[in-house]
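The next block holds one structure in the form of structure tokens; read it before the comments.
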Amino acid sequence: MRSLSLCLLTLCLSLSGLRSTTAAAPRTPGDRPNLIVIMVDDMGYAGVSCFGNPYFKTPEIDRLAAEGLKLTDFHSSGTVCSPTRAGLLTGRYQQRAGIEAVIHPVSDHPEHLKGLKRSENTFAELLKQAGYQTGLIGKWHQGYPHNSAEYHPDNHGFDTFVGYHSGNIDFISHVGDHVKHDWWHGRKETEEPGYSTHLINQYALQFIKDNQDRPFCLYLAHEAIHNPVQVPGDPVRRTEAEGWKRWKPAHEGERIEKFKGMTLPVDEGVGQIREFLVKSGLDKNTFVLFFSDNGPSRDFPSGSPTLRGAKGSVYEGGHRVPAIAWWPGKIEAGTVSDVPAISIDVMPTLLGIAQVTPPRERPLDGVDLSPVLFEQKSLSPRPLFWASLSNRGGRAEAMRDGPWKLVVQHPRAKPGTFENEKVELYRLDRDPGEKEDLQKTEPAQAAKMLKQLKAWYRDTQSTATPQPGGWLSQGS
């Protein structure tokens, strides 16, 4: 009996020691912060009311800002859809991935065959390797899989994909800009009724619920407020048989109503996610970042009247976008930062939060924004760059260095070329609307920045990922 008691005592002491050792062990992957990136499409700087929308309120997005941090000098790395998304996914200027323009839906367009190659490292791949469940809900626009299977999201680290590959789909029929049905669950094309924003909201929330007991990273890429212009209840505007019947407003009041009707479902979805995170207790362990992929399209007046330019432009209005960071207990509520930041900073920030080492073989161009987000600090000075290539082959470049902004246009240049260089220089601290060109009065500053801009572009091209097609290869 005494022998049995000693055995039991020894067992209890052993178990006690095991529990003590476990408690002192490093955090498990399950304790890692959850990550949610919400990107809206074609929303200018004043697209939501907390950034100056004068037409209607966006209460849920405003609440996210009130409980978090507004980034008032945040920029997309591109001025149109595909390039910004390539930069976001890789943490590098998209020129390095060979995606400088919209991946065009028309099969004989010079940019149609391009896409994100498997050789690129995405934040989804690295987080997945670190034990995260990864999901993409919504827009991809990184290559049409019918051109190459390597362009599919599941080849770039996403465990879950529900959405579409093209640049936009009819919100009702889900026919894409290439005039083919384009709604997928993974690799399965799916006929599914529903307004696309509602479906994106539904599956984003479902992904969070399905993965709430393990670390997850959700890339929620909204279609709204991109065309086709459709609010819930509107008719189909694009079919495979008849193509696209573009909507035209009867008057400006109708345009504003459509703008509101397409924005508020996004706002509701943000509220649904926030509410679930709070009620489930996940809010204290979840980082959320909200921003737009570029400036406003001509469909809606979502841009700020103080900024020059719109979607496709390298002026501020083309790439300065609303951005909000939220993480209760980590980000101080109601804070505002005017530190310049750019969407290629998102990947290093996600990796930093998750304590995942960035790839060495393809160094990131972006930087970790954690000091800005969590400590209200600034960043070391750095230049920011933009290079735009339009659907018609027109180029424009820009560079930001502190208060200085260099803009380079190429009027009447041969498509795809850098001919007819026209240089402009602005001081954003005195002239945020880029109205007063200082190139003639500050020629040394302009010359210095132009040299830096050209050196940057040469650097991106020196090891750029080869892509099929392109304007210059077409002999245009």
Self-check item: Validation row: V37, F290 side chains within 4.5 angstrom (heavy atoms)
Solution: no

Quiz item: Parallel, tilted or perpendicular: which describes the rings of H141 and Y144, with under 30° parallel and over 60° perpendicular?
Solution: perpendicular

Quiz item: Is K180 salt-bridged to E240, cutoff N-O under 4.0 Å?
Solution: no

Quiz prompt | V288 and L277, any side-chain heavy atoms less than 4.5 Å apart | solution = yes

Quiz item: Would you find more than 12 non-hydrogen atoms of other residues, nucleotides or ligands less than 6.0 Å from R298 atom CZ?
Solution: no

Exercise. Under the ring pair (Phe, Tyr, Trp, His ring centres under 6.0 Å) rule, collect the residues that match up with H410, sequence neighbours excluded.
Key: F418

Quiz item: When S49 is tested against each of T58, T263, D267 for side chain to side chain donor-acceptor pair (under 3.5 Å), which residue passes?
Solution: T58

Quiz item: Is a donor on one side and an acceptor on the other found under 3.5 Å between the side chain of T134 and the backbone of D159?
Solution: yes

Quiz item: Does the side chain of E421 reach to within under 4.5 Å of the side chain of V408, using non-hydrogen atoms?
Solution: yes

Practice problem: Taking all non-hydrogen atoms of both residues into account, name the closest pair between K258 and V231 and its distance. | Solution: O-CG1, 3.6 Å

Quiz item: Pick from R85, H222, K311: which one makes a side chain to side chain donor-acceptor pair (under 3.5 Å) with D41?
Solution: R85

Self-check item: Distance, nearest 0.5 Å, that separates CD1 of I103 from CG of L116
Solution: 8.0 Å

Quiz item: Rounded to the nearest 0.5 Å, how far apart are CG of N34 and OG1 of T286?
Solution: 4.0 Å

Exercise. Would you confirm whether S302, through its side chain, and G44, through its main-chain N or O, come within 3.5 Å as a donor-acceptor pair?
Key: yes

Exercise. Please report the closest heavy-atom contact between F74 and L369, naming both atoms and the distance.
Key: CE1-CD1, 4.5 Å

Quiz item: Do S76 and D293 have a side chain donor and acceptor closer than 3.5 Å?
Solution: no

Exercise. Tell me, please, whether Y55 has K260 positioned over its six-membered ring: NZ or CZ under 6.0 Å from the ring centre and within 45 degrees of its axis?
Key: no

Quiz item: Between K139 and G167, is there a donor-acceptor pair closer than 3.5 Å when you use the side chain of the first and the backbone of the second?
Solution: yes

Quiz item: With a 4.5 Å heavy-atom cut-off, do L472 and T417 have their side chains touching?
Solution: yes

Self-check item: Chi angles and distances behind the side chain to side chain contact (heavy atoms under 4.5 Å, CB included) call for V80, L389
Solution: CA-CA 9 Å; V80 288; L389 179 61; over 6 Å; no

Self-check item: Y219/M39 under side chain to side chain contact (heavy atoms under 4.5 Å, CB included): CA gap, chis, key distance, verdict
Solution: CA-CA 8 Å; Y219 172 29; M39 177 187 274; 4.0 Å; yes

Quiz item: With a 3.5 Å cut-off and no angle check, do the side chains of T90 and E120 form a donor-acceptor pair?
Solution: no

Practice problem: Would you mind checking if D431 and K405 are paired as a salt bridge, meaning a charged N to carboxylate O distance below 4.0 Å? | Solution: no

Exercise. Please confirm whether the backbone N or O of V40 pairs with a side-chain atom of H226, one donor and one acceptor, at under 3.5 Å?
Key: no

Quiz item: Charged N to carboxylate O below 4.0 Å: is that the case for E111 and K114?
Solution: yes

Exercise. Could you check if a side-chain atom of P153 sits within less than 4.5 angstrom of a side-chain atom of Q142, using non-hydrogen atoms only?
Key: no

Quiz item: Do any N or O atoms from the side chain of R308 and from the backbone of E434 form a donor-acceptor pair under 3.5 angstrom?
Solution: yes

Quiz item: Does S77 reach the main-chain N or O of Y93 with its side chain, forming a donor-acceptor pair under 3.5 Å?
Solution: no

Quiz item: Once you round to the nearest 0.5 Å, how far does CG of L126 lie from CG of L350?
Solution: 10.5 Å

Quiz prompt | Any donor-acceptor pair under 3.5 Å from Q230 side chain to F171 backbone | solution = yes

Self-check item: Side chains of H198 and P265 in contact at under 4.5 Å (non-hydrogen atoms)
Solution: yes

Quiz item: Would you find a donor on one side and an acceptor on the other, under 3.5 Å apart, between the side chain of R255 and the backbone of F300?
Solution: no

Exercise. For the pair R395 and E100, find out whether any cationic side-chain nitrogen is under 4.0 Å from an anionic carboxylate oxygen.
Key: yes

Quiz item: Is the side chain of Y164 donor-acceptor paired with the backbone N or O of G176 at a distance under 3.5 Å, no angle test?
Solution: no

Exercise. Check N155 against R187 and note the closest heavy-atom contact, atom names and distance.
Key: ND2-NH2, 3.4 Å

Quiz item: Does a side-chain N-to-carboxylate-O contact under 4.0 Å join D299 and R246?
Solution: yes

Quiz item: Taking atom types as modelled and ignoring hydrogens, do the side chains of D154 and H156 form a donor-acceptor contact shorter than 3.5 angstrom?
Solution: no

Quiz item: Is a salt bridge present between K422 and E424, judged by a nitrogen-to-oxygen distance below 4.0 Å?
Solution: yes

Quiz item: T239 side chain to E242 main-chain N or O, any donor-acceptor pair under 3.5 Å?
Solution: yes

Self-check item: Heavy-atom closest contact (V229 atom, D234 atom, distance)
Solution: O-OD2, 4.2 Å

Quiz item: Does the ring center of H104 lie less than 6.0 Å from the ring center of H112?
Solution: no

Quiz item: If you take all heavy atoms of P328 and K284, which pair is closest and at what distance?
Solution: O-CD, 3.6 Å

Quiz item: Got a second to check how far I324's CD1 is from I38's CD1, nearest 0.5 Å?
Solution: 9.5 Å

Quiz prompt | Test side-chain hydrogen bond (donor to acceptor under 3.5 Å, both in side chains) applied to T84 and Q94, step by step | solution = CA-CA 7 Å; T84 296; Q94 55 270 12; 5.4 Å; no

Quiz item: Which distance, rounded to the nearest 0.5 Å, do you find between the CG of D345 and the CG of D368?
Solution: 8.5 Å

Quiz item: How far does CD of Q206 sit from OG1 of T160, to the nearest 0.5 angstrom?
Solution: 10.5 Å

Quiz item: Is a salt bridge present between R274 and D283, judged by a nitrogen-to-oxygen distance below 4.0 Å?
Solution: no

Exercise. Could you walk me through whether L88 and F291 pass the side chain to side chain contact (heavy atoms under 4.5 Å, CB included) test, one step at a time?
Key: CA-CA 11 Å; L88 168 70; F291 63 100; 3.8 Å; yes

Practice problem: Specify whether F161 and H152 have parallel, tilted or perpendicular ring planes, treating 30° as the upper limit for parallel and 60° as the lower limit for perpendicular. | Solution: perpendicular

Practice problem: May I ask you to test the N168-N227 pair for a side-chain heavy-atom distance under 4.5 Å? | Solution: yes

Exercise. Decide side-chain hydrogen bond (donor to acceptor under 3.5 Å, both in side chains) for D182 and S166; before the verdict, give the C-alpha distance in whole Å, the side-chain angles of both, and the deciding distance to 0.1 Å.
Key: CA-CA 7 Å; D182 192 17; S166 59; 2.6 Å; yes

Practice problem: Scan side-chain atoms only and decide if H174 and E192 contain a donor-acceptor pair under the 3.5 Å cut-off. | Solution: no

Quiz item: Relative to F287, does K330 satisfy both conditions: NZ or CZ under 6.0 angstrom from the six-membered ring centre, and within 45 degrees of the ring's axis?
Solution: no

Quiz prompt | Minimal non-hydrogen separation, D170 against R238, with atom names | solution = OD2-N, 2.8 Å

Practice problem: Evaluate the ring planes of W386 and H319, with Trp represented by its six-membered ring, and classify them as parallel (under 30°), tilted (30 to 60°) or perpendicular (over 60°). | Solution: parallel

Quiz prompt | W326/L69 under side chain to side chain contact (heavy atoms under 4.5 Å, CB included): CA gap, chis, key distance, verdict | solution = CA-CA 6 Å; W326 181 88; L69 169 71; over 6 Å; no

Quiz item: Does atom NZ of K128 have more than 12 heavy-atom neighbours, drawn from other residues, nucleotides or ligands, at distances under 6.0 Å?
Solution: yes

Quiz item: Does Q409 reach the side chain of V407, with side-chain heavy atoms less than 4.5 Å apart?
Solution: yes

